[in-house]
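One structure is given here, and the rest of the page talks about it.
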Amino acid sequence: MRTFPCNRNTQARACELPAQAGLGLKPAFFEALLSSEPALGFVEIHAENYMVDGGPFHHYLGLLRERYALSIHGVGLSIGADAALDALHLQRLKTLLDRYQPESFSEHLAWSTHGPCFLNDLLPLQYDQASLDRVCDHIDQVQHTLGRRMLLENPATYLQFRGSSLEEPQFINEVIRRTGCGLLLDVCNIHVSCSNHHWSIADYLHALPLHAVGEIHLAGFSEDLDSSGEQLLIDSHSAPIAQAVWALYQQVLEMIGPVATLIERDNEVPALDVLLAEAGQAQRLLDRQGARQ
Amino acid sequence: MNNKTLTTATLVLALGSAIGLAAMPAHAADDMEKCFGVAMKGKNDCAAGAGTTCAGTAKMNDQANAWKLVPKGTCEKTASSTSPTGFGQMAAFTPKS
Amino acid sequence: MNTQALFSVALLAPQAACPSELFAGDAAASRFAVYRNNVFSSLTAALSDSYPVVEQLVGSAFFQAMARVFIEHSPPRSPVLVNYGQDFADFIDRFEPAASLPYLGDVARLERLRVEAYHAADCPVISAQALGAYLQQPEQLMQLRMKLRPGLAVLTSKHPVYSLWTAHQGIGDLASIHLAQAEQLLVLRDGLEVLLLPLPSASAVFIQALQRGEGFADAVVAALPLAPEFDAGPSLALLIRHSAITELEPS
């Protein structure tokens, strides 16, 4: 296992996100965040949205980056693909990270490309020895190219492969052990996947390398039924954070202490105040946990 | 038009007037100019989970048959009698596979 | 085929069966549909975001059906979705159910240009003073080439695309638009704002010639067939006022 500094220019920025609540940055919030500068530990962007040459997105991100810690969260690298990583895309990421020097970079345990096509969803992996080796190789390549440690996010899934020979938390554990990357613990995804596949949340959590958690995601999910009438939870990022997810978050904080926590909302995005209230709720739980330690 | 004349006189005049016009307030210089606010979203925001409306359900939206469809939007106000082709003459559209 | 190949082929073809043999459980097909649905609806949302006036013109149901056909035939080739649908206008031109709206493809072109101008590179601008210096050197003016800012574009259409677009911003009346009226416009970003500026046809040709790298005199000459008395002053004023000139050659 190799270790990586958080970036090459370590004097300039701290290596980690502060253990506070943060918010996903939406263009609709650019002006409001700049003018009111609400207390937030950090903001998070989707890397691919900022892979443009210039204009308002870079203008506002540059200004906000002077005021807030920054997390860059990739949604298109396709680390789980059974083909080589897109070197051009990795280079775009490097350019973006070099420019903004974020405190954190994260991506997903998922795949989203096939051949020349980009499928624009975070698709599930068959967990076996071959995919484990491939994911580790890809993460090694990402960390080497970017010259920094990355965080890997646990997925929300709706299907399990017959061909899987490893369980998801064991797979993640092994990836983190072999590559030295960190864990972006999406608490909503744990709730969704464990519910969809009848996994024990306690077993899942205990099998994960929680010492490696560098950030937590909290989001809302939607409920549906599959064709056999079973409840199917969907990671839609379109609803307020559910009570069950808050409870699980609290449980996680008791296990690992305060960690940077993102309020994620990508669809049906409400007014900034509504999201700031959710961030405030996360912050209170973080503060309470911090006081206990 | 003689290119030589264009150079010495017309171009100097055009540039001079351009610089003068450019210094004037926009509405005085050209009242056709209008400013429209642009609010672009991040297109990759859809990727993190389910998309909007019909997304994130186990049911596929009824696949609308494109060949049966007639545009029904604001174009109906536009077209009226001035439409070059009128509506309702839908040719069958077969997606190539 | 391996699992990801089987998965992705079925994902992009709504008529294809779910590869149920890959998955555990009895309800695999309905769960697979969540992924399929996410792909189509998220890409449709990305198109809808880039082409809001096209969507208003045809209505939401038509737009979604048209987007679905487009996505099936032209899935994204890059994870950077802001660039997705660059060929949507060409697709619309060939999409027979939309043939009754011959202007629809050009409205899509206009909306594409807005997105591109919005995200185009920032760059330093030539001041009016720097241009004014050439008034003292008229001998250089004839050959003077003006480089225009990234993302700037001239759209010429056989249809009233500017009027159609502005009518959807609450300006003007749709019913009074003459659909056979040709229109030209300039699309550019000035500061943080994307502007759409209607142009007379000769101005459009003049600016297009400048953009191709032709000298000042040649660009004026190119416009003369459309307007024998063409005065480049107002067009040039537009470019100066909106910080559209980024380099002069010779400088």
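Just so we're on the same page: letters track the sequence lines, and every chain starts at 1.
At a cut-off of 3.5 Å, with distance as the only test, a side-chain donor of C/Ser48 or C/Glu55 sits close to an acceptor on the other residue. In the model, C/Glu183 has a side-chain atom that pairs as donor or acceptor with a side-chain atom of C/Ser163 under 3.5 Å.
Using a 4.5 Å cut-off between heavy atoms, C/Pro79 contacts chain B through its backbone alone, with no side-chain atom that close. Contacts of C/Val39 with chain B are absent, with no heavy-atom separation under 4.5 Å from either backbone or side chain. Contacts of C/Ser50 with chain B are made by both backbone and side-chain atoms, with heavy-atom separations under 4.5 Å. For chain B, the nearby part of C/Leu164 is the side chain; its heavy atoms alone come within less than 4.5 Å.
Residue C/Gln137 qualifies as enclosed at atom CD: its count of foreign heavy atoms under 6.0 Å is above 12.
Among C/Gly59, C/Ala13, C/Ala128, C/Gly233, the residue making the largest number of heavy-atom pairs under 4.5 Å with chain B is C/Gly233. Highest contact tally toward chain B, considering only C/Leu135, C/Leu236, C/Ile240, is held by C/Leu135 [criterion: heavy-atom pairs under 4.5 Å].
The aromatic rings of C/Phe70 and C/Phe88 stand perpendicular to each other, their planes meeting at an angle above 60°, with 30° marking the opposite boundary.
Annotation: cation-pi geometry not satisfied between C/Arg145 and C/Phe216 (NZ/CZ under 6.0 angstrom from ring centroid, within 45° of ring axis).
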